[in-house]
Amino acid sequence: MFLVEHNKEWIKWYEEEREMILSSVPSKSIKRISHIGSTAILGICAKNIVDILLEVKDKSKL
């Protein structure tokens, strides 16, 4: 995997994935969804992969 220049589309990609997660996982189970990793930091080079952290309230209910 190679690093690439910052891509302004990464935030859009995150938002699109976030919406898909919200439509697939019951919102009452979600504690937080976060865009993490190097693509979440403006202006730096990164792998061309958007990392997302999904925190749930109670994993036994999924």
Side-chain angles (χ1 to χ4, degrees):
M1 181 98 1
F2 296 95
L3 297 180
V4 297
E5 293 292 322
H6 182 80
N7 183 341
K8 293 178 183 177
E9 294 293 309
W10 289 334
I11 187 68
K12 180 182 172 190
W13 296 354
Y14 162 71
E15 292 295 337
E16 290 170 354
E17 292 297 323
R18 182 180 182 279
E19 290 304 316
M20 285 196 292
I21 291 167
L22 288 172
S23 70
S24 302
V25 178
S27 61
K28 64 184 178 193
S29 300
I30 297 173
K31 183 175 181 180
R32 180 177 21 221
I33 303 173
S34 302
H35 182 184
I36 63 170
S38 54
T39 59
I41 302 170
L42 294 176
I44 69 167
C45 293
K47 295 177 293 180
N48 200 26
I49 297 173
V50 173
D51 297 311
I52 299 172
L53 175 65
L54 174 62
E55 296 176 68
V56 295
K57 294 178 182 175
D58 183 354
K59 68 179 178 179
S60 66
K61 294 187 180 193
L62 286 179

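Since this is a predicted model, take the numbers as computed values, not measurements. As a basis for the values below, the full set of heavy atoms in this structure was taken, side chains included, without hydrogen atoms, waters or symmetry mates.
Every residue meeting the salt bridge (charged side-chain N to carboxylate O under 4.0 Å, His left out) condition with Glu55, not counting sequence neighbours, appears here in chain and number order: Arg32. Applying the side chain to side chain contact (heavy atoms under 4.5 Å, CB included) test to Ile36 and every residue at least two apart in sequence or in another chain returns Ser34, Asp51, Leu53. For Glu9, the salt bridge (charged side-chain N to carboxylate O under 4.0 Å, His left out) partners at least two apart in sequence or on another chain are Lys12. For Asn48, the side chain to side chain donor-acceptor pair (under 3.5 Å) partners two or more places apart in sequence, or in a different chain, are Trp10.
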Query raised in the report: Is there a side-chain contact (heavy atoms from CB on, under 4.5 Å) between Asp58 and Ser29 once you walk through the steps?
Result: CA-CA 7 Å; Asp58 183 354; Ser29 300; over 6 Å; no
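Applying the ring-ring contact (aromatic ring centres under 6.0 Å, His included) test to pairs two or more places apart or on separate chains, none has a residue in residues 40-59. Applying the salt bridge (charged side-chain N to carboxylate O under 4.0 Å, His left out) test to every pair with at least one member in residues 19-31, sequence neighbours left out, gives no pairs at all.
Val50 is connected to Leu22 through a chain of hydrophobic side-chain contacts under 4.5 Å among Ile, Leu, Val, Met, Phe, Trp and Tyr, so both are in one cluster. Under the 4.5 Å side-chain heavy-atom criterion for ILVMFWY residues, no single connected hydrophobic cluster contains both Ile41 and Val4.
Contact annotation: the side chain of Cys45 never approaches that of His6 to less than 4.5 Å [non-hydrogen atoms, C-beta and beyond]. No side-chain heavy atom of Thr39 sits less than 4.5 Å from a side-chain heavy atom of Tyr14. Residues Ile33 and Ile52 are in side-chain contact: their nearest non-hydrogen atoms beyond the backbone lie under 4.5 Å apart.
For Lys47, the NZ atom sits in a loose shell: 12 or fewer heavy atoms of surrounding residues, nucleotides or ligands are nearer than 6.0 Å.
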